[in-house]
Amino acid sequence: MFQRLKTEVWAATLAVGCMLAVHGVATAQAPDPTIVHPDYSDPRLWLCRPDLQDDRCKVDLDATVIEADGATSIESYRPAQDPGVDCFFVYPTVSNDDTWLSDFSPDQAEWDDVKLQFARFGQVCRQFAPVYRQGTLRRLRVAVGGPLPEGDQPAPDFGGYADVHAAWDWYMAHENHGRGVVLIGHSQGGAVITRLIAQEIDGKPAQAQLVSALVLGAPVMVPPGADVGGSFAHVPLCRSRTQIGCVISYATFRDSLPPPPEARFGLARDGLRVACVNPANLAGGPGAPRSYFLTNGLLNRPPEGPQPDWLSPPTVIDTPFVTTPGLVSTQCVQTGQHDWLSMHVNADPADPRTDELAGEILRPTGIDLAWGLHLIDVDHSMGTLIDIVRDQAETYADR
């Protein structure tokens with residue numbers, strides 16, 4: 001099923017960040033990247049914030065609905081006018097800076113990731129996405145033979161989590177005003193969110209304002225058979241759409257390509273298992289999520305990337321996204337020491353819709369099985385995650 005996938009070397013080394021067809025440039029000089037304690041009152045340190053003139057969450061999110069019989073229609077995006085809760089997002093590893101840590105100058109990579117993984121949540125919440133000095137793609141690629149980043153390695157407490165912590169503190173002091181908040185992060189961003197919950201929310205007064213957390217493509221640890229413990233002492237996994245103060249977490253692999261022993265995600269450790277919560281069926285078992293995929297390209301791939309045509313014969317699609325009812329189904333699976341979200345493509349050779357869905361990282365030697373479907377962790381369940389947050393926000397308001 002992968003005969004039409006194109007092999008790329010560095011463009012797909014990490015399934016984080018996205019490459020869309022829109023290009024732009026920063027309009028204001030960024031703050032000094034060497035400062036130890038950034039001041040998050042500065043609007044230049046935010047990608048999304050309600051008062052920004054250049055809010056990167058305010059973008060074209062229209063989608064073409066592609067039904068199983070090939071029928072298409074346009075779904076126009078409509079943001080919420082007065083949402084009752086906030087969403088706080090930490091983006092994954094997307095920076096193409098040549099250094100160990102990124103600077104405070106976001107560019108197309110950061111902008112595109114926000115468009116793909118966070119902007120659509122404007123249907124249900126006010127949006128906050130800080131810029132932070134993250135570990136770069138170049139830093140990550142050292143492990144697979146890439147060149148060393150420029151400069152000296154920064155101190156462990158410089159940038160990264162410390163920046164996000166500072167942004168969170170500023171948000172809570174100046175913007176929250178007692179509102180409920182949803183925390184969202186993928187990959188490196190998910191790991192930062194896990195640490196933020198453990199240190200600043202779990203068992204503390206702020207836990208009362210936690211609507212939910214979406215920790216995607218990053219581990220949340222729990223004792224075997226339990227929904228709480230491990231990473232968090234008091235914050236449980238979500239098991240219904242009316243449950244609040246809980247966490248949804250998973251890492252995705254194709255059902256036909258389960259995690260190998262060297263998989264980067266889902267591996268049990270220290271007597272704890274990696275949490276897997278299926279957004280399409282929080283109580284357990286299989287389900288069919290609402291997906292939103294890029295019309296062209298994938299994370300860290302050019303627009304003409306390896307996703308096969310959505311319809312046969314090919315049809316021109318003018319929206320940046322497609323949504324494909326019933327194309328995929330998901331289910332949490334435990335195999336040996338791995339817990340993972342299994343994604344199945346409901347292929348039907350008799351209909352005109354694609355039977356192939358790309359998503360793996362490709363090396364010169366083929367698919368990198370260790371990363372699974374990390375590229376589309378968020379995409380395959382985006383609509384369902386938004387539906388869950390909407391229900392949780394209503395529950396929070398009723399409470």
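The residues of the chain are indexed from 1 along the displayed sequence.
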Under 3.5 Å: donor-acceptor pair, side chain of [X], backbone of [Y]:
X	Y	result
Asp202	Ala233	yes
Asp355	Asp348	yes
Thr99	Leu101	yes
Ser381	Asp377	no
Gln117	Asp379	no
Asp270	Leu272	no
Ser95	Gln134	no
Thr330	Met343	no
Thr315	Leu311	no
Asn346	Gly326	yes

Among Tyr40, Tyr171, Phe89, find the residue that satisfies the ring pair (Phe, Tyr, Trp, His ring centres under 6.0 Å) test when tested with Phe128.
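Of the listed options, the one satisfying the test is Tyr171.
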
Thinking salt bridges, do [X] and [Y] make one under a 4.0 Å N-O criterion?
X	Y	answer
Asp54	Arg56	yes
Arg126	Glu175	yes
Arg44	Asp42	yes
Lys58	Asp55	yes

Path from Leu369 to Leu267 over hydrophobic side-chain contacts below 4.5 Å:
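No, separate clusters.
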
For the hydrophobic clusters of this structure (ILVMFWY residues joined by side-chain heavy atoms under 4.5 Å, transitively), does one cluster hold both Leu237 and Met221?
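Each belongs to a different hydrophobic cluster.
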
Could you report the tightest heavy-atom contact between [X] and [Y], atom names first, then the distance?
X	Y	answer
Phe118	Cys57	CD2-SG, 3.5 Å
Pro79	Gln81	O-NE2, 3.4 Å
Lys115	Leu61	O-CD2, 3.6 Å
Leu357	Arg254	O-NH2, 2.8 Å
Trp168	Leu183	CZ3-CD2, 3.5 Å
His234	Val228	C-CG2, 3.8 Å

Side chains of [X] and [Y]: is there a donor and an acceptor less than 3.5 Å apart?
X	Y	answer
Asp39	Ser41	yes
Glu200	His165	yes
Thr324	Trp310	no
Asp97	Ser102	no
Tyr77	Asp60	no
Asn176	Gln209	yes
Thr93	Gln188	yes

Would you find more than 12 non-hydrogen atoms of other residues, nucleotides or ligands less than 6.0 Å from [X] atom [atom1]?
X	atom1	answer
Arg269	CZ	no
His37	NE2	no
Gln53	CD	no
Asp51	CG	yes

Kindly compute the distance separating [atom1] ([X]) from [atom2] ([Y]), expressed to the nearest 0.5 Å.
X	Y	atom1	atom2	result
Gln153	Arg139	CD	CZ	6.0 Å
Arg264	Ser187	CZ	OG	8.5 Å
His338	Arg273	NE2	CZ	9.0 Å
Asp32	Gln29	CG	CD	9.5 Å
Ile184	Leu214	CD1	CG	5.0 Å
Cys276	Leu341	SG	CG	5.0 Å

[X] versus [Y]: any side-chain heavy-atom pair under 4.5 Å?
X	Y	result
Asp113	Pro92	yes
Arg353	Leu327	yes
Leu47	Glu110	yes
Pro279	Tyr250	yes
Phe253	Pro258	no
Pro261	Gln337	no
Glu360	Asp368	no
Thr395	Asp398	no

For residues 285-295, please give each side-chain donor-acceptor pair under 3.5 Å, one per line with the distance, not counting sequence neighbours.
{"unit_1": "Arg290", "atom_1": "NE", "unit_2": "Asp387", "atom_2": "OD2", "d": "3.1"}
{"unit_1": "Arg290", "atom_1": "NH1", "unit_2": "Tyr292", "atom_2": "OH", "d": "3.0"}
{"unit_1": "Arg290", "atom_1": "NH2", "unit_2": "Gly383", "atom_2": "O", "d": "3.2"}
{"unit_1": "Arg290", "atom_1": "NH2", "unit_2": "Asp387", "atom_2": "OD1", "d": "3.0"}
{"unit_1": "Arg290", "atom_1": "NH2", "unit_2": "Asp387", "atom_2": "OD2", "d": "3.4"}
{"unit_1": "Ser291", "atom_1": "OG", "unit_2": "His380", "atom_2": "O", "d": "2.7"}
{"unit_1": "Tyr292", "atom_1": "OH", "unit_2": "Glu75", "atom_2": "OE1", "d": "3.4"}
{"unit_1": "Tyr292", "atom_1": "OH", "unit_2": "Glu75", "atom_2": "OE2", "d": "2.5"}
{"unit_1": "Thr295", "atom_1": "OG1", "unit_2": "Thr319", "atom_2": "O", "d": "2.7"}
{"unit_1": "Thr295", "atom_1": "OG1", "unit_2": "Pro320", "atom_2": "O", "d": "3.2"}
{"unit_1": "Thr295", "atom_1": "OG1", "unit_2": "Phe321", "atom_2": "N", "d": "3.2"}
{"unit_1": "Thr295", "atom_1": "OG1", "unit_2": "Phe321", "atom_2": "O", "d": "3.4"}

Parallel under 30°, tilted from 30 to 60°, perpendicular over 60°: which one fits the rings of Phe265 and His374?
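Rings of Phe265 and His374: parallel, as their planes differ by under 30°.
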
For the pair Phe88 and Trp46, name the ring-plane relationship: parallel under 30°, tilted 30 to 60°, perpendicular over 60°.
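Judged by the thresholds at 30° and 60°, the geometry between Phe88 and Trp46 is perpendicular.
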
Establish, for the pair Arg133 and Phe104, whether the NZ or CZ atom is under 6.0 angstrom from the six-membered ring centre and no further than 45 degrees off its axis.
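No, a cation-pi geometry is absent between Arg133 and Phe104.
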
Checking Arg195 against Tyr161: charged group under 6.0 Å from the ring centre and within 45 degrees of the axis?
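Positive - Arg195 is close enough to the ring of Tyr161 and near enough to its axis.
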
Walk me through it: do Ser212 and Gln392 pass the test side chain to side chain donor-acceptor pair (under 3.5 Å)?
CA-CA 8 Å; Ser212 65; Gln392 291 173 324; 2.7 Å; yes

Whichever hydrophobic residues join Trp100 through chains of side-chain contacts under 4.5 Å:
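Its cluster mates, by chain and number, are Val142, Leu148.
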
Using the rule given for ring-ring contact (aromatic ring centres under 6.0 Å, His included), can you reason through Tyr91 versus Tyr132, listing the C-alpha separation, both sets of side-chain angles and the distance that settles it, and then say yes or no?
CA-CA 9 Å; Tyr91 50 88; Tyr132 71 108; 4.8 Å; yes

